[in-house]
Each structure stands twice: as C-alpha cells, then as structure tokens.
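Predicted model, so just to flag it, every value in this text is computed and none were measured. Computed over heavy atoms, backbone and side chain alike; hydrogens, waters and symmetry mates excluded. Residue numbers begin at 1 in each chain, while the letters A, B, ... track the order of the sequences.
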Number of protein chains: 2
Amino acid sequence: MEAKTVDAGLLQSRYRLTKQRAAVLRALGDGKHLSAETILERVRAEMPAVSLGTIYRTLDILREIGLVQIFSFAGSAARYEATLEKHHHLLCSNCRSLTNVRADGLADLAHDIARRERFSNIDFALTIVGRCHDCTNRNGA
Amino acid sequence: MEAKTVDAGLLQSRYRLTKQRAAVLRALGDGKHLSAETILERVRAEMPAVSLGTIYRTLDILREIGLVQIFSFAGSAARYEATLEKHHHLLCSNCRSLTNVRADGLADLAHDIARRERFSNIDFALTIVGRCHDCTNRNGA
DNA sequence: CTCTCTGCAAAGCATTTGCACATTG
DNA sequence: CAATGTGCAAATGCTTTGCAGAGAG
C-alpha cells in the first residue's frame, strides 16, 4: 500500500519510474533513518550493479517530490527516511540513534510563528537532542 | 559584555584563551549564522595568518563548551552562531537566509516528549522552512 | 619549561557530476 | 525513437588531521 502510493508519486511527477528508483523506495520502506551507503547495500541485494551516484540522484528526486525527508548531521553522513506521516526526532547524543515522535500542538505553534514572520508555504521540524534511556543506564561518555 | 562572558567561558574551561580563539568569538559576536569560510575572512582582517583548520578546531571547542551552536545543512557548508539566548530558526528555502525567533511554549512541549521517551539532559531545536516575505514578493524559483 | 595550540598542506568523506551507453514511455 | 536515467570514475567541497615550530600559563 505504501509502495503503491509511492510509485504513484513518481508516476505523477515529471520523473520516470525505473527499477532503481522503485528499489530505493522499497529499501526505505522497511527501515528508517538510513544512510545513503546503507540504502546502497540494500538495493544492491537485488540489483548488484547500482551505483552510489544513482542512490544520491534518486534520493534527491524523492525529496523534491516530497516522498523522502533528509536529516543532516553536523560532521557525518545524512540519513534518509520515507515520508509517511508527520513526525519529529529525538537524537541520542551518545549513540546517535534516532527515534520518531509525534508532537501535538507543534503545528499551531509553528504556523503562528510563520505568520508573524511572514513566511509562507512552510514545513517544520523539531529535533530533541539528549541522552536516550539505554545510554543513560549504560552510563559512559 | 558578551565578550567578557565568552572569554570567561574559555578561561573556565580546560582550554587556553588564545588570540585566535578570542578573534573567532569576536567574529561571531556581531554577525550571525556565519560559515567557517566567512569567519575565516573576518578573523583574517585582524590576523592574516590564521588558517581554516584553526577556525574549525576553535568552533568545535566552542561548541563543546556551549558557546557556539552549529546549524548543519543538507548539501552545503554549516553555519555557526554564538549561543546568546535560546531561539529557533526560520530558513528560507529560496534564498537560504536564516531568521531567529523565540518559540514560547516549545520548551514545555519538548520536555513532555522527552520525559515520555525517557530522554534526559535534552536540548531542542525547531526549524521552520518556508519562503520568506522578500522571496514571496520577488517571486522566482 | 611544559603542554597546548597553530599553520600548513595533505588526507578523508560524503556528495556531485560528465560522459557514453542503456532504458523508459 | 526521443528524452531521460544509469554506471563508472573522476571531481568537488567541506572538514579533519599529522607534524614541526610557536605561544600560553
């Protein structure tokens, strides 16, 4: 069902639906917050000849269409995620894991700010950085 | 006054207060959201021999101490900003300008989420992406 | 004086791009 | 078929690092 929506997204766009693009979408489907390198591995499981360049080109197209969200890090590789429903992120400063959360009420807050500052056509993202439960117990760095 | 706080921050830390580090802090003081390259230019205005490596090393130390915040982009250079008071960002998707805003009520929301997810020691950042007023009028891409 | 910092230049990574061939619609 | 997409490999751009000499405390 997601795959259907997702393929439709590409078909409706000005881009062609190729094997490679479908495979990237599939790779994103069952895993979250993947790096381009990880996506490459997954896609290569079914299509060994795919190149990293194609992965990046595809991810960029998917982002443009709105099917993929990018999460950029200071000082390491970005992570990519299929846009299923609006959510936000908790990032563990220790193990760098990402957790998805909903943030009810944030939309109103963001739209108020945007209106006040005369921004239109907005999207918004909340990132909470902290130490996750596991890392807190496990103590460490 | 900011300079005093800021130098104190370095002095209290395990790091030395060098001319270069003071200059980086000064460069950040009167301009916001600067790239490492821009900071280099500003610092070189008074100290021509400073290297980009030193700028990056200094920014990393300042971030560690908490005097500087990093704003990472997908696909271009990061921007750095002195941490004066807690605020959030509006990013124009067209001209890439950054605007600072306060977001009252967001702290409560973020802490609620963190508590629920058992994250401790959190910080949080809201980024709103959209088209700024100028770019909306100016139409374009 | 000792330990830390700096400049320089080279290395490292993630990401992007040019080109000739393959594929899609 | 014509237009678009792909693999490959080289290029790019930001950021990091090793080293030998300079500077801080």
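Between B/Arg96 and B/Ser76 the shortest heavy-atom distance is NH1-OG, 3.5 Å.
Within the 4.5 Å cutoff, the side chain of B/Arg21 has no heavy atoms near those of the B/Val24 side chain. Taking 4.5 Å as the limit, some side-chain heavy atom of B/Leu28 sits within range of a side-chain heavy atom of B/Leu59.
In summary, B/Lys86 and B/Asp123 engage in a salt bridge, as defined by a charged side-chain N under 4.0 Å from a carboxylate O.
The side chain of A/Lys19 contributes an N or O atom lying less than 4.0 Å from OP1 or OP2 of C/dT24. In terms of phosphate contacts, A/Gln20 brings a side-chain nitrogen or oxygen within less than 4.0 Å of OP1 or OP2 of D/dG7. Considering only side-chain N and O atoms, A/Arg21 lies nowhere under 4.0 angstrom from the phosphate OP1 or OP2 of C/dT24.
Comparing the start and finish of the helix from C/dC1-D/dG25 to C/dG25-D/dC1, five pairs each, the helix axis swings through 50°, to the nearest 10 degrees.
Taking the six-membered ring where tryptophan is involved, the planes of B/Tyr80 and B/Tyr56 are perpendicular, since the angle between them exceeds 60° and thus also 30°.
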Please list, one pair per line, the donor and acceptor atoms closer than 3.5 Å that link side chains of residues 105-114 of chain B to other protein atoms, with sequence neighbours excluded.
| residue | atom | partner | partner atom | Å |
| --- | --- | --- | --- | --- |
| B/His111 | ND1 | B/Ala107 | O | 2.9 |
| B/Asp112 | OD1 | B/Arg115 | NH1 | 3.2 |

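The distance between atom CZ of A/Arg16 and atom C1' of D/dT6, rounded to the nearest whole Å, is 12 Å. Between B/Leu17 atom CG and C/dT4 atom P there is a gap of 16 Å when expressed in whole angstrom units. Protein atom CD of A/Glu64 is 14 Å distant from nucleotide atom P of D/dT4, rounded to whole Å. The nearest whole Å value for the distance from the CZ atom in B/Arg14 to the C1' atom in C/dT4 is 10 Å. For A/Leu59 and D/dT6, the CG to C1' distance is 15 Å, given to the nearest whole Å. Counting to the nearest Å, the P atom of C/dT6 and the CG atom of B/Leu40 are 13 Å from each other. Look at CD1 on B/Ile55: it is 17 Å from P on C/dA9, rounded to the nearest Å.
Not counting sequence neighbours, B/Arg44 has no partner by the side chain to side chain donor-acceptor pair (under 3.5 Å) test. Residues that satisfy the salt bridge (charged side-chain N to carboxylate O under 4.0 Å, His left out) test with A/Lys19, not counting sequence neighbours, are absent from this structure. For A/His89, the ring-ring contact (aromatic ring centres under 6.0 Å, His included) partners are A/His33, A/Phe71, A/His87, not counting sequence neighbours.
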Q. In B/S/- notation, 5' to 3', how is nucleotides 8-21 of chain D contacted by protein heavy atoms closer than 4.0 Å?
A. B-----SBBBB---
